[in-house]
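Here the structure comes first, spelled out in structure tokens, and everything after it is commentary.
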Amino acid sequence: MDPHFATTGQNQQLAAVMYDRLIHIADDGSFAPGLATDWEVSDDQLTWTFNLREDVTFHDGSPFTAADVVFTFDRIPEVPNSPAPFTQRLAAIDSAEAVDDYTLVVTTSSPAPGLPTDLSTIYIVSETVNDASSADFDRSIASNGTGPYRQVSYSPGENLVLERNDDYWGDLPDFEQVTIRFLDNSASRVASIQAGEVDFIDSVPPNDLDRLRELNDVTVVSAPSARMLYMGVDQLEDTTVQIDPSVGNPFLDHRVREALSLAINREALVDRIQFGSGLPANQFPPEGIFGHNPDIPEFEYDPERARELLAEAGYEDGWAMAIHGPTGRYVNDTEVLLAIGQMWSQIGIDVDVVSVPANVYFGRATDREFSSFMVAFGITTGESSLAYRNVLATVDDDRGWGSNNRFRYSNEEFDAALESAFDAFEDADREAALQEAARIAAEDIALIPLYWEGNNWAVNGDLDFTPSPDGRSLVTNLSTR
């Protein structure tokens, strides 16, 4: 429940209804006022001035001021054991000063046109939190935001109880109290809404969609997603943790990465396992997301050529390895991982498929316990720079790059293109640089894209649910008919 613990989607969609951000992302991908009503950057592009919303209170009744924003910025780097830290979102900031209660001045070490995007992902907490631990948020001791709901209680693995914040500055949600139950088993979720035990579920298995659509008291809502599932392969050293050292690290060879990509039938993953929900992916941003490169071709399925490439690389007899993925995190994730294992086995690799409970999976992946693993990253800001900086940029703690680069990909040409994007204030220049970064990553097979996940929800027929562009299951998007 600590809103600064992890940038993972599930954490953020809970934090988003209890805490607020300086800047919001509108439905069309543009910036909109949040806790900041407006902002401007100086002529030298190094000093940003944010005018903050007045008469906003935290859930405990204390006033929101610029000091709370400065406290939040200072707290984020101090959160321990984060599997996906927010630190990279603040890396451009050299200093932040509360000039008065409702004026915040942020200075960057160099021009940072992406700062509004970064700040649209930072949840502001009250400085009364002091030195509270993440566990204090779980115990509801430290939870104190300005969002439309406040945290009443949290039982890990069971439920989160929320109560409406009637003093919220924006539009009030329809419901006075909401209980979010954590049901990581898809069959249990579907059975629960069929029985009327819950009013709304997310991550509906695609194979259940038609059956739910036939129910009179249930409405199915579907929308495309900007979350890409991919296989990451360790590219750091000459050996890798789960492959015999005598084999070395085959993933360092571009021919091997290309072979692994050619061996995956993406159409089959979408059509047969996801029942048509989703689209085969060839880059992080799908069409319609800022930074999408339309010139990148679709990745082919050619297992015969894959075997040829392995032979050319000296791996005609393959090797033995385990591939890992989370269970209960993505739609039909275990089935997808099993299918990939079978596809890679067909080109001569001895594959052991291992599914790990999601609550421990990401920590182990961050600790680099896996040589090859399945994970996803969702674009929640309407443009692709965060995905590239988090997942594919060379790890650089000082400037906050590569926080989700668990497989340690590194390419100077890619980094240079990404840096150009972050230096560009003009949209056309920024988009061109992001498209160049996409091209480099695709040609280098930095990772192995699988597909953009489809989003499917089921809701009680007396309620309406409006999907947000980021694809999150926000209870604030639920309303009565």
Side-chain angles (χ1 to χ4, degrees), residues 9-10 183-194 200-216 218-231 261-289 292 294 296-303 325-344 346 353 355 374-380 387 442 447-459 461 465-473 477:
Q10 299 285 43
L183 302 174
D184 61 3
N185 181 278
S186 299
S188 296
R189 288 197 302 278
V190 172
S192 294
I193 196 163
Q194 285 181 298
F200 171 78
I201 63 172
D202 66 1
S203 298
V204 178
N207 49 305
D208 287 317
L209 291 174
D210 288 342
R211 181 156 53 92
L212 289 174
R213 289 188 179 107
E214 294 175 356
L215 301 178
N216 293 328
V218 172
T219 300
V220 171
V221 180
S222 297
S225 155
R227 179 162 71 177
M228 186 186 80
L229 271 81
Y230 63 90
M231 294 298 296
S261 178
L262 287 168
I264 294 177
N265 187 339
R266 294 167 177 82
E267 293 282 354
L269 295 179
V270 171
D271 292 342
R272 300 177 194 173
I273 298 179
Q274 303 296 4
F275 291 81
S277 178
L279 290 170
N282 61 354
Q283 59 187 295
F284 264 114
E287 186 176 359
I289 295 293
H292 173 80
I296 296 176
E298 298 295 327
F299 286 171
E300 298 178 22
Y301 171 56
D302 190 342
T327 179
R329 177 63 184 92
Y330 312 116
V331 176
N332 294 338
D333 44 20
T334 299
E335 291 85 350
V336 171
L337 191 67
L338 286 168
I340 291 170
Q342 292 169 357
M343 292 172 187
W344 284 354
Q346 290 170 3
V353 176
S355 291
M374 185 177 75
V375 72
F377 192 95
I379 295 175
T380 58
L447 48 70
I448 301 169
L450 300 178
Y451 54 87
W452 294 295
E453 199 173 48
N455 286 329
N456 301 293
W457 301 268
V459 60
F465 175 70
T466 303
S468 57
D470 57 23
R472 292 176 181 160
S473 304
N477 288 1

- [ ] Using side-chain hydrogen bond (donor to acceptor under 3.5 Å, both in side chains) as the criterion, list what pairs up with S222, not counting sequence neighbours.
- [x]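 Per chain and number, S222 pairs via side-chain hydrogen bond (donor to acceptor under 3.5 Å, both in side chains) with N456.
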TODO: Report the residues that fulfil side-chain hydrogen bond (donor to acceptor under 3.5 Å, both in side chains) with S355, sequence neighbours left out, ordered by chain and then residue number.
DONE: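 For S355 there are no side-chain hydrogen bond (donor to acceptor under 3.5 Å, both in side chains) partners, ignoring immediate neighbours.
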Task: Results of side-chain contact (heavy atoms from CB on, under 4.5 Å) for D271 - residues two or more places apart only - done: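 Residues passing side-chain contact (heavy atoms from CB on, under 4.5 Å) with D271: E267.
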Open item on the list: I'd like to check the side-chain contact (heavy atoms from CB on, under 4.5 Å) partners of E287; sequence neighbours left out, ordered by chain and number.
Closed with: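 Partners of E287 by the side-chain contact (heavy atoms from CB on, under 4.5 Å) criterion, ordered by chain and then number, come out as H292.
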Starting at [atom1] of [X], measure out to [atom2] of [Y] and round the result to the nearest 0.5 Å.
{"X": "F284", "Y": "R227", "atom1": "CZ", "atom2": "CZ", "answer": "12.5 Å"}
{"X": "I201", "Y": "S473", "atom1": "CD1", "atom2": "OG", "answer": "10.0 Å"}
{"X": "L337", "Y": "M231", "atom1": "CG", "atom2": "CE", "answer": "6.0 Å"}
{"X": "N185", "Y": "S192", "atom1": "CG", "atom2": "OG", "answer": "9.5 Å"}
{"X": "I193", "Y": "D208", "atom1": "CD1", "atom2": "CG", "answer": "11.5 Å"}
{"X": "Q342", "Y": "N265", "atom1": "CD", "atom2": "CG", "answer": "12.0 Å"}

Is any side-chain heavy atom of [Y] closer than 4.5 Å to one of [X]?
{"X": "W452", "Y": "N282", "result": "yes"}
{"X": "M228", "Y": "L450", "result": "no"}
{"X": "W457", "Y": "P467", "result": "yes"}
{"X": "V375", "Y": "Y230", "result": "yes"}
{"X": "Y330", "Y": "V336", "result": "no"}
{"X": "L279", "Y": "P224", "result": "no"}
{"X": "L338", "Y": "T334", "result": "yes"}
{"X": "V204", "Y": "L209", "result": "yes"}

Non-hydrogen atoms of [X] and [Y] that approach each other most closely:
{"X": "A387", "Y": "F377", "value": "CA-CE2, 3.5 Å"}
{"X": "F465", "Y": "R472", "value": "CZ-O, 4.2 Å"}
{"X": "G454", "Y": "S277", "value": "CA-OG, 3.5 Å"}
{"X": "V190", "Y": "L212", "value": "CG1-CD2, 4.2 Å"}
{"X": "A263", "Y": "Y301", "value": "O-CE1, 3.5 Å"}
{"X": "M343", "Y": "L269", "value": "CE-CD2, 3.9 Å"}

Quick one: does any side-chain atom of [X] pair with a main-chain N or O of [Y] as donor and acceptor, under 3.5 Å?
{"X": "N332", "Y": "E335", "result": "no"}
{"X": "E453", "Y": "S225", "result": "no"}
{"X": "R266", "Y": "P449", "result": "yes"}

Task: Under 3.5 Å side-chain donor-acceptor pair for S186 and R189 - done: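 Note: S186 and R189 side chains meet the donor-acceptor criterion.
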Open item on the list: Applying salt bridge (charged side-chain N to carboxylate O under 4.0 Å, His left out), can you list everything that pairs with R272, at least two apart in sequence or on another chain?
Closed with: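 Not a single residue meets the salt bridge (charged side-chain N to carboxylate O under 4.0 Å, His left out) criterion with R272.
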Task: Qualifying residues under salt bridge (charged side-chain N to carboxylate O under 4.0 Å, His left out), relative to D202, sequence neighbours excluded - done: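 D202 satisfies salt bridge (charged side-chain N to carboxylate O under 4.0 Å, His left out) with no other residue.
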Task: Q10 atom CD, over 12 foreign heavy atoms within 6.0 Å - done: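 Enclosed.
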